Amino acid sequence: MVKLAEYSRTATFAWSHDRIPSLVTGTVSGTVDANFSSESKLELWSLLAADASEPTLSLAVDAKFNDLDWSRDDKIIAGALDNGVVELFSKTEDSLKSEGSFARHNGSVKTVSFNSKQNNVLASGGSKGEIFIWDLNTCLKNSKDYTPLTPGNATTPIDDVSSLAWNQSLAHVFASAGSTSYASIWDLKAKKEVIHLSYASPNTGLKPQLSVVEWHPANSTRVATATGSDSEPLILVWDLRNANTPLQVLAKGHTKGILSLDWCKQDSQLLLSSGRDNTIVLWNPEKAEELTQFPTRGNWCFKTKFAPEAPDLFASASFDNKIQVQTLQNLTNTFDQEQTATKQQESETDFWNHVSLEESNEKPQVMHLQAPAWYKSKSPAAQWAFGGKLVHITADGKGVIITKPTISGLEENKVLDA
Amino acid sequence: MPTIANAHNDLIHDAVLDYYGKRLATCSSDKTIKIFEVDGENHKLVETLVGHEGPVWRVDWAHPKFGTILASCSYDGKVLIWKEENGRWAQIAVHAVHSASVNSVQWAPHEYGALLLAASSDGKVSVVEFKDNGTIAPLVIDAHAIGVNSGSWAPSIIQEGPGAQQIRRFVTGGADNLVKVWKYNQEAHTFVLEESLEGHSDWVRDVAWSPSILLRSYIASVSQDRTCIIWSQEHTGGPWKKTLLQQNKFPDVLWRASWSLSGNILALSGGDNKITLWKEDLQGKWEPAGEVQE
């Protein structure tokens, strides 16, 4: 695969919002590493660093992480810690620094999410249905006495909140999901849960757990949820104006419960999912089409995210002790074919001698080749030709015009080009 | 001058006239390439080339001394070579060394032979020579880590002095916001980095090396950051001078840059659907030379 980097950590992560992004990782809770270490670290990795075995920056943290998020202005990194603490960090040129830690949750903190419009607003979700809304401007000044807000009353039973997502256009609306069969839509202006979603399987009649929520990048009434059910792993796309039935059901991509979703901010026709079947799938959620199935990992893939400002890349974290950064596209080329041809010439002995040494060269399986929106030029693509002619594409993008522009004050140009 | 409406069913990404201005090649998100014969105000569709499995981004005509040959590149990761003989078009070669979208193709100055430069989102550029007896092993070069958006050849120049030789150079623009100049190294049998030019703050969408060999070398680079930079070099090996085409940012993303064949007029295509023309004044400042209206 076109693996840009691989970090040998069992960790959760968050991307920075740069064109050449960095990644912060935090030792994930619920696992024991190879050295039986209980240490937890927040680490920073530069994508283009020559050596991917050591982080650029590192900071010891009191507890392990369940989740990380990085504010859109890249100023604050928020960590959801297993010991009930929400900890805020900042990054300088040469260090990672804790800006404050807040033991407000009664159980472990499962997830943190920065508001998509206001960089100072953070939501955190924990066990026992606890959701807190934080104003960083206030809490960083007064870390002792700060009490976060609660979003108001729930109308559905809420247990562990392991997924939170802010609406991409309305700063006061967010969604939560976790261990129950309900996903909730909250309105901070109304101070309550305003809509809930649940899905009764037509096959079993049962309502599966809705484990993840993710908003459409532009359409404020559209939201996706995924089921955590191993028997019926589905991604459901809803329009909230009809919250009874999903608009689209994305099935047959995963074989076990889904743990992560990411709807691409630059192209609403791209959505990444990953889960307990150790796989990552790229979808067109608007056509309910599976686009690409990425090579299977060694264990559950619990977080998969596009690099927010370089969406040709995504990172995925798995309990196989690796965070991988790879490209969306990784087609088979002639070099791969030559390699396969060479392998077929090998003797049986050579084959078995080589087999354990080789890195997996498995390619993603492409079901539909769909070019991302950011590839498509939206310009007249003007190009000069002989004779001072200029060829360009029409405004509707579907026609071509050949002109011979007159250049002000440059008559001799015609002579040269003729 | 002709207007060809609804040439394709989906967005057209490139349209190029051949050497004689008689044939127009267009390529589109509909995965096809179309060849039109153009004569005065008239045009006629002569062929639709089908073979790519994804949107076709760019096409380029080879010099006529090699025959009627067209190269095309696509999101499917392939460069296809097409040839017309006795009125029949056929796909004659596949260049598939890339593992992601190939975003630009350009034939080298004809003095070098049938040599093609391809730039890919897999971070590499490839240079491949098509010989009469088939394809030789291509050179594949790691160019821009997060993807290469465009590549453009320098015009053919001969280094003066004893043992005069061609200086083969090209420029690339990438998703790492950089513009890089590459030069062929005889000993290494490959292209090596000559200069990495920093100036853009976002993806470089297109680079174009001026075909003029009269004065200095000029490279235009356009970017997602809504600027165009003119890079100029007095003599090979000298420093590259950076000039912002205009101080103010353009109203939208700049996608394409093209030099007139004499090398002194630059055409820029923007996301606002405008084409602006530029020329250098005697003081070395760039000034508007018109706008192309539909």
Side-chain angles (χ1 to χ4, degrees), chain A residues 1-2 4 19-21 47-48 307 310 312-313 327-337 363 369-372 374-410 412-413 415-417, chain B residues 1-17 19-21 24 26 29 38 53-55 57 75-77 96-101 103 121-122 145-147 175-177 202-203 255-256 258-262 264-265 267 269-271 273-275 277 279 289-290 292 294:
Chain A
M1 90 175 80
V2 183
L4 222 62
R19 284 297 203 192
I20 302 162
L47 200 56
L48 301 182
D312 273 314
L313 311 177
T327 52
L328 279 186
Q329 241 191 331
N330 184 11
L331 305 161
T332 304
N333 60 40
T334 43
F335 295 133
D336 303 315
Q337 286 159 359
K363 293 275 175 171
L369 198 66
Q370 179 187 303
W374 57 90
Y375 276 79
K376 291 177 189 161
S377 154
K378 289 159 199 78
S379 88
Q383 189 137 310
W384 289 102
F386 274 101
K389 288 179 191 161
L390 190 73
V391 185
H392 70 92
I393 296 165
T394 55
D396 70 357
K398 295 186 180 167
V400 177
I401 297 177
I402 303 171
T403 60
K404 201 162 175 175
T406 42
I407 312 294
S408 48
L410 206 88
E412 68 275 19
N413 178 55
V415 182
L416 277 172
D417 273 354
Chain B
M1 291 282 124
T3 298
I4 304 172
N6 295 314
H8 286 266
N9 299 325
D10 206 337
L11 287 182
I12 299 175
H13 301 295
D14 202 13
V16 185
L17 272 176
Y19 187 84
Y20 303 109
L24 176 76
T26 58
S29 269
V38 183
E53 293 160 41
W57 304 131
Y75 187 73
D76 67 11
V97 300
H98 293 288
S99 56
S101 178
N103 302 317
S121 290
D122 68 2
I146 305 179
D176 56 2
N177 311 348
D202 207 334
W203 288 338
W255 283 87
R256 293 286 290 270
S258 172
W259 293 97
S260 63
L261 284 113
S262 55
N264 47 19
I265 306 291
S269 317
N273 247 315
K274 282 215 173 79
I275 300 161
L277 306 178
K279 66 179 198 289
V292 179
E294 201 169 299

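All values derive from a computational prediction rather than experimental measurement. Letters A, B, ... are given to chains in the order of the sequence lines, protein chains preceding strands, and every chain is numbered from 1.
We find the CG-NZ distance between B:Leu24 and A:Lys389 to be 10.5 Å, quoted to the nearest 0.5 Å. Here CD1 of A:Ile407 is found 7.5 Å from OG of B:Ser260. Values are rounded to the nearest 0.5 Å.
No other option in B:Gly271, B:Ala145, B:Gly77 has as many heavy-atom pairs under 4.5 Å with chain A as B:Gly271. Interface remark: of the candidates B:Ala289, B:Gly290, B:Ser29, B:Ala289 forms the most heavy-atom pairs closer than 4.5 Å to chain A. Of the listed residues (A:Ala381, A:Ala307, A:Pro372, A:Ala371), the greatest number of heavy-atom pairs within a distance under 4.5 Å of chain B belongs to A:Ala371. By number of non-hydrogen pairs under 4.5 angstrom with chain A, the leading residue of B:Thr26, B:Asp14, B:Asp202 is B:Asp202. Between chain A and the options B:Val97, B:Asn9, B:Thr3, B:Leu11, heavy-atom pairs under 4.5 Å are most frequent for B:Val97.
A pairwise comparison of heavy atoms in A:Ala395 and B:Asn273 identifies O-ND2, 3.5 Å as the closest pair. The nearest pair of heavy atoms linking A:Ile393 to B:His13 is CD1-C, 3.7 Å. When all heavy atoms of B:Ala96 and A:Asn333 are compared, the closest pair comes out as O-CB, 3.0 Å. B:Asn103 and A:Tyr375 get closest at one heavy-atom pair: OD1-CE2, 3.5 Å.
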Test side chain to side chain contact (heavy atoms under 4.5 Å, CB included) on B:Asn6 and A:Asp396; report intermediate values, then the result. CA-CA 9 Å; B:Asn6 295 314; A:Asp396 70 357; 4.3 Å; yes
Run B:Ile146 and A:Leu313 through side chain to side chain contact (heavy atoms under 4.5 Å, CB included) and show every step you take. CA-CA 8 Å; B:Ile146 305 179; A:Leu313 311 177; 4.1 Å; yes
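Between the A:Gln329 side chain and the B:Tyr75 main chain, a donor and an acceptor come within less than 3.5 Å of each other. Looking only at distances, no side-chain donor or acceptor of B:Ser269 sits under 3.5 Å from a matching main-chain atom of A:Pro380. Looking at A:Trp384, its side chain does come within 3.5 Å of a backbone N or O of B:Ser258 through a donor-acceptor pair.
Listed by chain and residue number, nothing satisfies the ring pair (Phe, Tyr, Trp, His ring centres under 6.0 Å) test with B:Tyr20 (two or more places apart in sequence, or in another chain). With sequence neighbours excluded, the residues forming a side chain to side chain contact (heavy atoms under 4.5 Å, CB included) with A:Ser377 are A:Ser379, B:Trp255, listed by chain and number.
If you measure heavy-atom distances from B:Trp57 to chain A, the contacts under 4.5 Å come from the side chain alone. Only the side chain of A:Leu390 comes within less than 4.5 Å of a heavy atom of chain B; its backbone N, CA, C and O stay farther away. For B:His98, the part sitting under 4.5 Å from any heavy atom of chain A is the backbone (N, CA, C, O) and nothing else. Of the atoms belonging to B:Asn177, it is side-chain heavy atoms, and not backbone ones, that fall under 4.5 Å from chain A. Looking at B:Leu277, only its side chain comes within 4.5 Å of chain A, counting heavy atoms on both sides. Heavy-atom distances place both the backbone and the side chain of A:Ile402 under 4.5 Å from chain B. No part of A:Gln337 comes within reach of chain B, as not one of its non-hydrogen atoms sits under 4.5 angstrom from that chain. Both the backbone and the side chain of B:Pro2 come within contact range of chain A, with heavy atoms under 4.5 Å apart.
Between A:Leu369 and B:Asp76, some side-chain heavy-atom pair lies under the 4.5 Å cut-off.
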